[in-house]
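Worksheet for the structure shown next.
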Amino acid sequence: MRNKILVFTLAFFTWVLLGSTNPTYCFAQTPKNLVRDFYTWYLGELNKFDKLPESSNDIYKYIYPCVVSKLRIEYKMGARSFNYFIQSNDYWPELSLHITTGEAVKINDSVSIVPLGFGETKERSVPRLIVFVQNEKGTLYITKVEEADTPY
């Protein structure tokens with residue numbers, strides 16, 4: 001009986017220390033890390049040129065489920081003429097060479113924004129997008145992507 005209690009206690013603390021079974025927690029514990037990890041994965045998937053990353057179930061690790069559902073419907077109906085996550089019609093593989101994330105700015109208790117840039121070189125990787133990250137019951141999700149007002 002004592003061994004069972006000891007095993008249960010060890011299992012419980014291991015589960016708590018390793019972040020339970022939440023996949024987002026394992027990959028990204030801050031909004032900045034989530035955005036960087038998502039865009040590293042997403043642009044890598046775009047480089048494969050075989051299908052849109054939005055059709056992969058791996059996207060649920062990063063993006064709020066309602067956003068994924070909405071985008072899938074829009075792409076299926078042909079209603080979306082540009083790539084939502086890069087806010088552009090054009091994509092070239094060099095975008096994934098330099099992904100730059102700024103520090104997250106907390107809007108309220110559950111929402112943060114993260115500036116994001118990507119480009120061919122570090123110098124050309126200026127913040128182009130503002131990525132909204134929401135903390136939903138301890139899990140971070142990207143909920144919105146907007147183009148930044150960047151003076152050129």
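Quick caveat: nothing in here was measured; it's all calculated off a predicted structure.
- Interatomic distance, CD of E54 versus NZ of K70, reported as 12.5 Å (0.5 Å rounding).
- To the nearest 0.5 Å, the span separating CD1 on I63 from OG on S69 amounts to 12.0 Å.
- In this view, K76 satisfies the salt bridge (charged side-chain N to carboxylate O under 4.0 Å, His left out) rule with no residue, not counting sequence neighbours.
- Nearest heavy atoms, F82 versus S88: CB-O, 3.6 Å.
- Considering D37, D58, N47, N83 in turn, N83 is the only one that fulfils the side chain to side chain donor-acceptor pair (under 3.5 Å) rule with Y42.
- Linking ILVMFWY residues whenever their side-chain heavy atoms come closer than 4.5 Å, directly or via other members, leaves Y64 and I130 in distinct clusters.
- Annotation for R72 and I59: closest pair NH2-CG2, 4.2 Å, computed over non-hydrogen atoms.
- Of all the heavy atoms in W41 and S56, the pair that sits closest is CZ2-OG, 3.9 Å.
- Taking the six-membered ring for Trp, Y75 and Y84 have ring centres at least 6.0 Å apart.
- The closest side-chain heavy-atom distance from I99 to L116 is below 4.5 Å.
- To the nearest 0.5 Å, atoms CD1 (I142) and OH (Y62) are separated by 9.0 Å.
- Proximity of a side-chain donor or acceptor of Y39 to a complementary backbone N or O of F85 within less than 3.5 Å is detected.
- If you chain together hydrophobic residues whose side chains sit under 4.5 Å apart, V133 and V105 never meet in one group.
- Scanning both residues, K32 and V114, for their nearest heavy atoms gives N-CG2, 4.1 Å.
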